[in-house]
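The structure appears right after this line, and notes come after that.
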Protein chains: 2
Amino acid sequence: MARTAYHHGDLSQQAHQQALATLREQGDGAISLRALARQLGVSAPALYRHYADRESLLAELAISGFQALRQRLLAVNQQDSRKALIGIGLAYVAFARDEPNLYRLMFGGRVLPRGAHPRLDQAGLAAFQVLEDTVANGQQRGYLKAAPLSLLTAAAWSLVHGLSQLTIDGHLPGPDSEPQLAAGITALLLDGSVERTTNKEPSP
Amino acid sequence: MARTAYHHGDLSQQAHQQALATLREQGDGAISLRALARQLGVSAPALYRHYADRESLLAELAISGFQALRQRLLAVNQQDSRKALIGIGLAYVAFARDEPNLYRLMFGGRVLPRGAHPRLDQAGLAAFQVLEDTVANGQQRGYLKAAPLSLLTAAAWSLVHGLSQLTIDGHLPGPDSEPQLAAGITALLLDGSVERTTNKEPSP
DNA sequence: TGCCAATGTTAACGCCGTTAACTTCGGCAA
DNA sequence: TTGCCGAAGTTAACGGCGTTAACATTGGCA
């Protein structure tokens, strides 16, 4: 169907783009189908030809977010296991820093209950898979402990996810020191936090 | 001011309680001032005598959430440094599991931009302080590395926060195995994830 | 006792998501 | 070439929301 005065011709794509722009600038709470339609010079119900409801539109945005995150994690691709793991952590946090509102939508949990949008779940899983593969690889090479893969992966994911969330919410020191912080924290998970010279606790 | 047919007498308190109940059951998105007023048998604008707007009400809920979290962290109080640290982690994740919707409100970041509600920032800081004190204590006793306190604390907080978020959003295995997972992950941050026997990476 | 500040009320504005019923129009079948 | 049908738009409407303005009630203090 081609472009006409009546038929818009590319509404789905443009709605996605415009909604993404609004999300980036003002967060998902600012996304309204009516305002979106207004900006696109179209009536509000027209959007319902392309999205079942507001939540479906948000789900599409989240899906593209997971795909972008996955690409950034795949781009790390270091040979050395330690560098690969720290690189993944840095890339993850950098994504959250660059796209805070998108990241919040993806992981907010407020919208989009798990299981409501299968394609969304699948996109999230695909991004997670990159992290898990990196951990598994480090383990196969003997760099990481022989602990259960699910445990190591959950630890790594929890760490970078928590750091991302705290960073974009301003709970941690300014963004200038953020890369060092991320690298230092990742290193802590790798090397441990306990003082190795004294395994026993000294008496107080 | 006493209870009357006209004057409710305890609206502020009851609104808080009712909103908290709705939050627990359906999340903050389901909290509406009009519905709240209806449930309390009062007109909607009456609530504006006690809360500047919807966001202020949510801020109050979040504040009480941080206070509850702080109490649960304070209740750990183990002598042994390692047990104290793991105990804090378990308590933190347990709180999130018990109050998922409240936890999301507290850390969602979607509502309540940092700095908008000073008392909220202060309540969050007070909860964070318990974690930092525990870390500092472990460090002073020589159990933890002599790394910068802010780094160690950020790592611990990131880990438990990320684990909490992933847990309540259903990204990790069922809640039955959750305590073991939390304990195992916390132990990983303490002891490290790398295989100690081989510090060098073997050639592939 | 009278008044004032606190705490309620109704009415209204403009926004929102969503649905129903109708219109336009591109492209394919006869 | 024509006719029609389904995709993709339209307007109108419903009910809900946050919020404000203007007004009403009333408890307690001077």
Side-chain angles (χ1 to χ4, degrees), chain A residues 1-23 25-62 101 105 108 110-113 116-117, chain B residues 1-23 25-62 101 105 108 110-113 116-117:
Chain A
M1 182 151 295
R3 177 177 305 266
T4 311
Y6 194 94
H7 286 314
H8 186 285
D10 191 32
L11 189 52
S12 179
Q13 279 289 331
Q14 281 188 236
H16 185 108
Q17 292 306 321
Q18 181 63 48
L20 185 57
T22 302
L23 171 67
E25 293 162 17
Q26 314 186 64
D28 60 73
I31 293 181
S32 105
L33 293 184
R34 292 185 101 119
L36 201 54
R38 234 177 285 130
Q39 291 165 339
L40 297 173
V42 109
S43 74
L47 293 172
Y48 285 81
R49 299 287 169 194
H50 305 276
Y51 300 98
D53 49 22
R54 192 185 107 106
E55 208 186 56
S56 295
L57 171 59
L58 296 182
E60 292 299 327
L61 297 179
N101 285 325
L105 173 65
R110 213 172 322 222
V111 231
L112 318 168
H117 297 267
Chain B
M1 184 150 294
R3 176 176 306 266
T4 312
Y6 192 93
H7 286 313
H8 186 284
D10 191 31
L11 188 52
S12 179
Q13 280 287 331
Q14 280 188 236
H16 185 107
Q17 292 306 320
Q18 181 63 50
L20 185 57
T22 301
L23 171 67
E25 293 162 16
Q26 315 187 64
D28 59 72
I31 294 182
S32 105
L33 294 184
R34 292 185 101 119
L36 201 54
R38 234 177 285 130
Q39 291 165 338
L40 297 173
V42 108
S43 73
L47 294 171
Y48 285 82
R49 298 290 171 196
H50 305 276
Y51 300 98
D53 49 22
R54 193 186 106 106
E55 208 187 56
S56 295
L57 171 60
L58 295 182
E60 292 300 326
L61 297 180
N101 285 324
L105 173 65
R110 214 172 321 224
V111 231
L112 319 167
H117 297 266

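This is a predicted model, so every value here is computed, not measured. First the proteins, then the strands, lettered A, B, ... as listed; each starts at 1.
Atom CZ of A:R54 and atom P of C:dT19 are 15 Å apart (whole Å). Protein atom CD of B:Q39 is 14 Å distant from nucleotide atom C1' of D:dG16, rounded to whole Å. Between the CG atom of B:L36 and the P atom of D:dT19 there is a distance of 13 Å, rounded to whole Å. Distance CD (A:Q14) to P (D:dA8): 15 Å, rounded to an integer number of Å. In this entry the distance linking CG of B:L58 with P of D:dG18 reads 10 Å, nearest Å. Put simply, CZ on B:R49 is 14 Å from P on D:dC23, counting in whole angstrom units. Taking atom CZ of residue A:R34 and atom P of nucleotide C:dG14, one finds them 14 Å apart after rounding to whole Å. Between the P atom of D:dT19 and the OH atom of B:Y48 lies a distance of 4 Å, rounded to the nearest Å.
Here the side chain of A:L11 is nearest to one of C:dT9, D:dG9, C:dG8, namely D:dG9. Among the nucleotides D:dT19, C:dG17, C:dG8, the one closest to any side-chain atom of A:L33 is C:dG17. Listed nucleotides C:dT9, D:dC17, C:dT18 differ in distance to B:A35; the shortest reach to its side chain belongs to D:dC17.
Contact of the B:H50 side chain with the B:H16 side chain is not registered, since no non-hydrogen atoms from C-beta on lie closer than 4.5 Å.
Residue B:H50 places no side-chain N or O under 4.0 Å from the OP1 or OP2 atom of C:dA6. At least one side-chain nitrogen or oxygen of B:S32 sits closer than 4.0 Å to the OP1 or OP2 atom of D:dG18. For the OP1/OP2 pair of D:dG9 and a distance below 4.0 Å, the side-chain nitrogens and oxygens of A:S43 include no atom meeting the criterion.
In this structure, A:D28 CG and A:E55 CD are separated by 11.0 Å, a value rounded to the nearest 0.5 Å. Expressed to the nearest 0.5 Å, how far CG of B:L36 lies from CD of B:Q17 amounts to 11.0 Å.
The residue among B:L47 and A:R38 whose nearest nucleotide of DNA chain C is located toward the 5' end is B:L47.
Of all heavy-atom pairs spanning A:A62 and A:L105, the tightest one is N-CD2, 4.0 Å. Annotation for B:N101 and B:G27: closest pair ND2-N, 3.4 Å, computed over non-hydrogen atoms.
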